[in-house]
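Here is the naming used below: chain letters follow the sequence lines, and residue numbers restart at 1 for every chain. FYI, side chains are in, hydrogens and waters are out, and symmetry mates aren't considered; it's all heavy atoms of this structure. Fair warning: this is a prediction, and the values are worked out from it, not measured in the lab.
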There are 2 protein chains.
Amino acid sequence: MQKIHSHVNRIDKKRNETDQRILEAAKEVFAESGFSGARVDEIASRAKINKATIYYHIGDKKKLYEEVLHRVIGNIAEKITVILDENGSPEEKLRLYIRTVSKTMDSNPEMAPIIMREIASGANNLPEVIPEDLLRIVGLLSRILQEGKDEGIFTEVSPLVIHLMVIGVLLFYKAGAKIHDTNVTLAGIFNIDDFKKPAEIILEIERLILSAVTGRPESSPAHNTRNTRKKGALCEE
Amino acid sequence: MQKIHSHVNRIDKKRNETDQRILEAAKEVFAESGFSGARVDEIASRAKINKATIYYHIGDKKKLYEEVLHRVIGNIAEKITVILDENGSPEEKLRLYIRTVSKTMDSNPEMAPIIMREIASGANNLPEVIPEDLLRIVGLLSRILQEGKDEGIFTEVSPLVIHLMVIGVLLFYKAGAKIHDTNVTLAGIFNIDDFKKPAEIILEIERLILSAVTGRPESSPAHNTRNTRKKGALCEE
DNA sequence: AATCAGTATAACTGATCGGTTAAAACTTTC
DNA sequence: GAAAGTTTTAACCGATCAGTTATACTGATT
């Protein structure tokens with residue numbers, strides 16, 4: 001083993017950088033093409049390293065995928081858990097929950113397609129830790145909803161349905177954004193609706209979920225400019 | 001061999017049956033493994049025909065996939081369009097919309113994973129007709145919501161968000177059902193929630209969406225809302 | 001400057017898989 | 001019942017791709 005710290009650190013740093021580059025490239029390619037569609041050569045090429053380096057640093061394709069999945073999902077679980085430990089009213093917490101999920105997805109654009117494909121294929125490749133993460137998230141949501149119900153603000157609702165509703169609409173919106181950019185015809189479709197900027201869409205989602213849970217009309221906390229009809233401006237922010 | 005009156009019909013029927021068997025098998029395999037993951041040999045094997053027969057009857061893998069996609073999406077588009085032409089109050093129509101999407105997904109279990117993967121990959125393989133179908137659906141929903149707003153029952157909401165919310169929660173619920181069955185750990189998670197029967201989940205979703213749109217607490221219709229429906233339209237295939 | 005551990009690479013391999021072909025088998029027509 | 005036409009099949013081919021190997025490079029240690 002090495003004795004000199006600086007040496008070790010530098011080596012570690014380099015090693016770590018290579019790992020990062022590989023995993024980052026892998027995340028991109030897996031998001032674009034799925035597990036079967038992804039080519040290890042393509043990942044190597046994007047990471048600007050030789051293919052064998054992947055096998056040296058990480059392992060085979062399956063291991064690589066698991067590593068990416070772990071990062072992607074572990075990421076969201078961690079962030080949401082942290083945020084939801086905050087205090088505030090159940091309404092504020094629920095809004096925060098939605099906004100946090102949304103922001104996490106924004107900062108990890110590869111997340112949406114990867115998770116969607118994973119669910120579509122029956123979640124066979126989920127690392128063992130993931131269920132625990134999800135358990136924690138749904139558990140927290142469950143507690144928020146219970147709290148709101150105890151305070152007489154929320155009606156009785158199924159946490160599962162709320163969870164799926166939030167995740168569902170957000171994932172579809174995020175994943176769909178790519179389509180709007182590329183597919184002209186589809187873009188035309190969704191513009192029949194007075195389309196809003198992403199930030200406004202999130203507010204709308206918050207408003208609708210809150211309204212559903214409270215059984216009252218909810219007004220957005222920020223004012224809502226309703227005639228912004230922008231084309232192809234879905235991916236910004 | 002017995003002589004039949006019309007041999008032409010028999011030929012057509014046989015040809016058609018082979019086509020059906022191939023497309024049915026293809027739908028299954030594509031749903032399970034996605035486009036890249038699907039193996040043409042596997043499809044042939046499940047359809048109990050030789051691989052070359054696929055190329056003779058349908059075409060190459062891409063063509064096969066497009067055909068499956070067309071059936072799957074065209075199916076839902078058609079059914080929803082038919083249903084929504086019915087008359088009734090905006091609330092009833094909205095409930096009907098949700099229930100129709102749900103039922104159509106139930107009778108086509110392969111739909112959820114296929115559509116999810118398609119969206120995840122940026123909808124690159126969508127046949128040209130599909131956007132038109134979607135346009136029709138969102139357009140109808142848009143009209144329902146507008147109607148409700150005009151009557152003062154609904155608040156102002158984004159049809160796009162409602163659309164994504166309904167589709168999102170349903171697809172995730174349906175796709176997730178498979179996970180509940182197979183993945184013990186995950187099943188455990190979702191059971192923290194007092195888990196309900198699918199039929200009840202749909203009612204809960206209807207209730208929440210209605211509540212969100214009307215801004216009032218909506219009670220589940222214990223009384224049968226509009227059972228004057230013809231059920232045959234939903235239960236084909 | 002010799003050594004050596006850790007790292008990266010080009011070239012290769014074996015397996016898989018999409019797609020083809022030529023001929024067999026089956027049907028219809030006369 | 002045989003020619004003509006249609007459908008199915010087994011066997012094959014070439015491309016692609018995951019994974020390996022043998023070698024070369026790097027730079028710290030002696």
Counting distance only, does the side-chain N/O of A:Lys61 pair as donor-acceptor with the main-chain N or O of A:Ala38 below 3.5 Å? yes

Take the protein atom [atom1] of [X] and the nucleotide atom [atom2] of [N], then report the distance between them rounded to whole Å.
X       : N      : atom1 : atom2 : result
A:Leu64 : D:dA18 : CG    : C1'   : 12 Å
B:Ile54 : D:dT9  : CD1   : P     : 11 Å
B:Glu42 : C:dG18 : CD    : P     : 11 Å
B:Tyr56 : D:dA10 : OH    : P     : 18 Å
A:Tyr55 : D:dA22 : OH    : C1'   : 18 Å
A:Asp41 : D:dT20 : CG    : C1'   : 13 Å
B:Asp60 : C:dT20 : CG    : P     : 8 Å
A:Asn50 : D:dT20 : CG    : P     : 14 Å

Which heavy atom in B:Leu64 sits nearest to a heavy atom in B:Ile58, and how many Å separate them? CD1-CG2, 3.8 Å

Please round to the nearest 0.5 Å and tell me the distance separating atom OG of A:Ser33 and atom CZ of B:Phe35. 12.0 Å

Determine: side-chain N/O of [X] to OP1/OP2 of [N], distance under 4.0 Å, yes or no.
X       : N      : value
B:Arg39 : C:dG18 : yes
A:His57 : C:dA8  : yes
A:Thr18 : C:dA8  : yes

Under the 3.5 Å rule, do the base of D:dG19 and the side chain of A:Lys61 count as making a donor-acceptor pair? no

Quick one: does B:Tyr55's side chain get under 4.5 Å of B:Lys63's, heavy atoms only? no

Is there a side-chain contact between A:Thr104 and A:Met111 in this structure, where contact means two heavy atoms from C-beta onward sitting under 4.5 Å apart? yes

Taking the side chain of A:Ala52 as its heavy atoms from C-beta onward, which of D:dA18, C:dT9, C:dT20 lies nearest to it? C:dT9

Considering every strand and a 4.0 Å limit on heavy-atom distances, what is the contact class for A:Ala38: base, sugar-phosphate, or nothing? sugar-phosphate

